[in-house]
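Here's the structure, in structure tokens; my notes come after.
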Amino acid sequence: MIARRALLAVAGSLVLTGLLGACDAQQAEPEGPDYADDEVIKALAEGLEKRFDIADEREESGEPQTAETFSEAASAELDALEPFRGREFEDHDLQEEVISYINIIEDSVELTEKYPIDSVEFSDGWTDLYEQRVMALKTFVDNYGLTVDKAHEATLNELLVEANAAGERVKTETAIEDLVGSIVFTKNDEGFGTYTYTATVQNTTGINFGQVSLTLGLYDSEGVKVEESYASTSSWPAGETVRFEAFGQTDAAQIKVSVSYYEMED
């Protein structure tokens, strides 16, 4: 009987030891993926602060802007964010925003290497990337709680104001391009090898436009653009219907319409 009790005690001890070992094993297991969501916003703030500092130092020094100074400021931000390109995120929308933002900065650095800063190509490209960047920063601020320290708050706030203006411009451009893209011109043979192209269109964008100029690409039956013609109006308020008229010497099989110029009115 004593021997049996001893065996049971040993067996119980082994079971308890096994259970404790299983608990220890469970505690030693990884907690889950190492998501970058919390880290990336902090890194973004640090990169911004470094970029702001570099820009401030250059401005205070009175040195003229060069391709190197543009590149240095952008690269400071890129260095802070590049490690997150291959990280895993729990919030996939945040991941897409971060990757897109990294690409914008990379494109900015490449632009400084490709074109002189006094060239039209650089000016246009930098302006476009700048607007993309400030709008992305507004998304990080509004949706993900991005903040910077007090010394840099004013600079970030300036960028957010410009982001609002850029967003309105993009909204306006999209609206008029969509409207113009829906225009269908009709062709009338005037004889003697001349043609009139007309379209009557209502401004359904809700935006008051001043002068609006359109370019008509006139294509033959083989899809070759033979001629360009132009139509315009001096004023196109919201809700108003206008008649566009263009002239050409091409019996166009296809007409492609695009916006060449527009103004906004209050």
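One is the number of the first residue; the rest follow in order along the sequence.
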- Message: Show the nearest heavy-atom pair for residues L218 and A252, with the distance to one decimal.
- Response: CB-CB, 4.0 Å
- ring pair (Phe, Tyr, Trp, His ring centres under 6.0 Å) partners of residues 247-266, not counting sequence neighbours, each pair once: F209-Y262
- Is any side-chain heavy atom of L48 less than 4.5 Å from a side-chain heavy atom of L137? yes
- Item | Least distance between heavy atoms, G206 atom then A238 atom | C-CB, 3.7 Å
- Item | Contacts of type salt bridge (charged side-chain N to carboxylate O under 4.0 Å, His left out), residue D251, not counting sequence neighbours | K187
- Message: Quick check on the 6.0 Å ring-centre criterion: do F244 and Y197 meet it?
- Response: no
- Message: Using the rule given for salt bridge (charged side-chain N to carboxylate O under 4.0 Å, His left out), can you reason through R243 versus E245, listing the C-alpha separation, both sets of side-chain angles and the distance that settles it, and then say yes or no?
- Response: CA-CA 7 Å; R243 183 176 185 270; E245 187 172 67; 3.1 Å; yes
- Have S213 and Q211 got a donor and an acceptor in their side chains that come within less than 3.5 Å? yes
- Query: Heavy atoms, side chains only, cut-off 4.5 Å: are V224 and Y219 in contact?
  - Reply: no
- Query: Below 4.0 angstrom, N of the basic side chain to O of the carboxylate: do K256 and E228 qualify?
  - Reply: no
- Task: Assess whether atom CD of Q249 is packed by more than 12 heavy atoms of other residues, nucleotides or ligands within 6.0 Å.
- Result: no
- Item | salt bridge (charged side-chain N to carboxylate O under 4.0 Å, His left out) assessment of K50 paired with E72 | CA-CA 10 Å; K50 290 178 182 177; E72 181 186 4; over 6 Å; no
- Task: Check the hydrophobic clustering (I, L, V, M, F, W, Y; side-chain heavy atoms under 4.5 Å; chains of links allowed) and say if I176 and V242 are grouped together.
- Result: yes
- Who are the salt bridge (charged side-chain N to carboxylate O under 4.0 Å, His left out) partners of D124, not counting sequence neighbours? none
- Item | Listed partners of T69 passing side-chain hydrogen bond (donor to acceptor under 3.5 Å, both in side chains), at least two apart | Q65
- Task: Determine, for D34 against R87, whether the closest basic-nitrogen to carboxylate-oxygen distance falls under 4.0 angstrom.
- Result: yes
- Query: With sequence neighbours excluded, what pairs up with E46 under the side chain to side chain contact (heavy atoms under 4.5 Å, CB included) test?
  - Reply: K42
- Query: Among the clusters formed by ILVMFWY side chains lying less than 4.5 Å apart, do L160 and I41 turn up in the same one?
  - Reply: yes
- Write down the atom of E88, the atom of D37, and the distance for their closest heavy-atom approach. O-OD1, 4.4 Å
- Message: Between T172 and M264, is there a side-chain heavy-atom distance shorter than 4.5 Å?
- Response: yes
- Could you tell me which non-hydrogen atom of T205 sits nearest to which non-hydrogen atom of A175, and how far apart they are? CG2-O, 3.7 Å
- Under 30°, 30 to 60°, or over 60°: which ring-plane class applies to F140 and Y144, parallel, tilted or perpendicular? tilted
- Any chance you could lay out the side-chain contact (heavy atoms from CB on, under 4.5 Å) test for T112 and E68, step after step, and finish with the verdict? CA-CA 7 Å; T112 66; E68 289 74 19; over 6 Å; no
- Task: Check L179 against Q202 and note the closest heavy-atom contact, atom names and distance.
- Result: CD1-O, 3.6 Å
- Task: Determine whether the aromatic ring centres of F122 and W126 lie less than 6.0 Å apart.
- Result: yes
- Item | Pairing of R169 and E162 as salt bridge, 4.0 angstrom limit | no
- Query: Counting only heavy atoms not in E39, do more than 12 fall under 6.0 Å of its CD?
  - Reply: yes
- Determine the minimum heavy-atom distance between V134 and L159, stating which atoms define it. CB-O, 3.7 Å
Determine all donor-acceptor pairs shorter than 3.5 Å in which one atom belongs to a side chain in residues 188-196; sequence neighbours excluded.
from: N188; atom 1: ND2; to: E190; atom 2: OE2; distance (Å): 2.9
from: D189; atom 1: OD1; to: G191; atom 2: N; distance (Å): 2.8
from: E190; atom 1: OE2; to: T196; atom 2: OG1; distance (Å): 2.8
from: T194; atom 1: OG1; to: G191; atom 2: O; distance (Å): 2.8

